[in-house]
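For reference, the structure is listed below as structure tokens.
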Amino acid sequence: MFRAEKISRSFRSGTVETTALRDVSLKVNPGEFVSIMGPSGCGKSTLLNILGTLDRPTSGDFWIKDENVSRYSEAKLAEVRRRHIGFVFQSFNLIDQLTVRENVELALRYRKTGAQERRLKAGLAMERFGIAHRADHRPSQLSGGQQQRVAVARALVTEPDLILADEPTGNLDSHHGEDVMGALKSLNDEGATLVMVTHSPAHASYAGRTIRLFDGEIMTSQDNSVSQSPREEN
Ligand SMILES: Nc1ncnc2c1ncn2[C@@H]1O[C@H](COP(=O)(O)OP(=O)(O)O)[C@@H](O)[C@H]1O
Ligand SMILES: [Mg+2]
């Protein structure tokens, strides 16, 4: 589904060069759920952005669904994102000129879904994440946790086959964190491929596999199905 081969990403500002990713190779199979952990600044968000084609590697090659997208034009990449990918960002990226409902419907508008179906699907997604009672508010009128739930509803309303989530439970209390994890897991059970960055070992263990990044490199890749019951560790 995703295949990265020796991907590196450096950022240059003035004379200072930061290498965020160093020769990272990674394969994510269709239907897999992979979690990514690692200390702050180790390159997790950079990797996720590259997987989602929001950023390009400085070197290396990258495939989505057997298509080498490394040299795709920006327009073609936008099309790949629109058709296949749902993002849940660490910063919510909600549009404050729109209501909660309009924010959630936006992803469906991009897919040219009709008004009636948009309203229905957005309504269901808002119910599922406990924000339906805030449908006509602006995002800035909501708490951080509520805004995160709007961002999750917006990412999942299109039922994308690839979901990229950057600390989706980072701003949530444990109850709503479990809600979001349960929803992500059920989408994965229904066939969506999922890559999620998290700081929570409990949430990481929902994934079949956990990759640990350190200083821009993959240190370990752990199969979670073989360890007894990691979810009960904390
Ligand atoms: N747009 C950017 N410009 C310059 N440096 C960046 C940029 N994005 C990330 N970095 C640097 O790359 C490294 C990895 O960042 P990031 O992927 O955001 O880490 P993480 O998500 O693991 O906290 C950090 O040193 C960060 O400062
Ligand atoms: Mg990050």
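Counting convention: from 1, in listed order, for ligands and their atoms alike. Values below: every heavy atom of this structure, side chains too, minus hydrogens, waters and symmetry copies.
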Select the closest option to atom 22 (O) of ligand 1 among His199, Glu167, Lys44, Arg12, judged by heavy-atom distance.
Lys44
So, is Phe11 polar-close to ligand 1, with some N/O to N/O distance under 3.5 Å?
no
I need the atoms of ligand 1 closer than 4.0 Å to a non-hydrogen atom of Ala20, numbered in the order shown.
12 (O), 13 (C), 14 (C)
Go through ligand 1 atom by atom and flag the ones less than 4.0 Å from a non-hydrogen atom of Thr18.
25 (O)
First locate atom OH of Tyr206, then atom CG of Leu184, and finally report the distance between them rounded to the nearest 0.5 Å.
9.5 Å
From the options Arg71, Arg3, Lys6, select the one residue that forms a salt bridge (Lys or Arg N to Asp or Glu O under 4.0 Å) with Asp61.
Arg71
Is NZ or CZ of Arg212 both nearer than 6.0 Å to the six-membered ring centre of Phe214 and within 45° of the ring axis?
no
Tell me the contacting part of Thr46 for ligand 1: side chain, backbone, both, or neither, using a 4.0 Å heavy-atom threshold, strictly below.
both
Short N/O/S contact of Thr46 with the Mg ion (ligand 2) (below 2.8 Å):
no
Tell me, please: is Ser40 in heavy-atom contact with ligand 1, that is, under 4.0 Å?
yes
Does ligand 1 have any atom sitting under 4.0 Å from a heavy atom of Gly43?
yes
Using a strict threshold of under 4.0 Å (side-chain N to carboxylate O), is an ion pair present between Lys65 and Asp161?
yes
Side chain Asn224, main chain Ala207, donor-acceptor under 3.5 Å:
yes
Cluster question for you: counting only ILVMFWY and a side-chain heavy-atom cut-off of under 4.5 Å, with indirect links fine, are Leu54 and Phe2 together?
yes
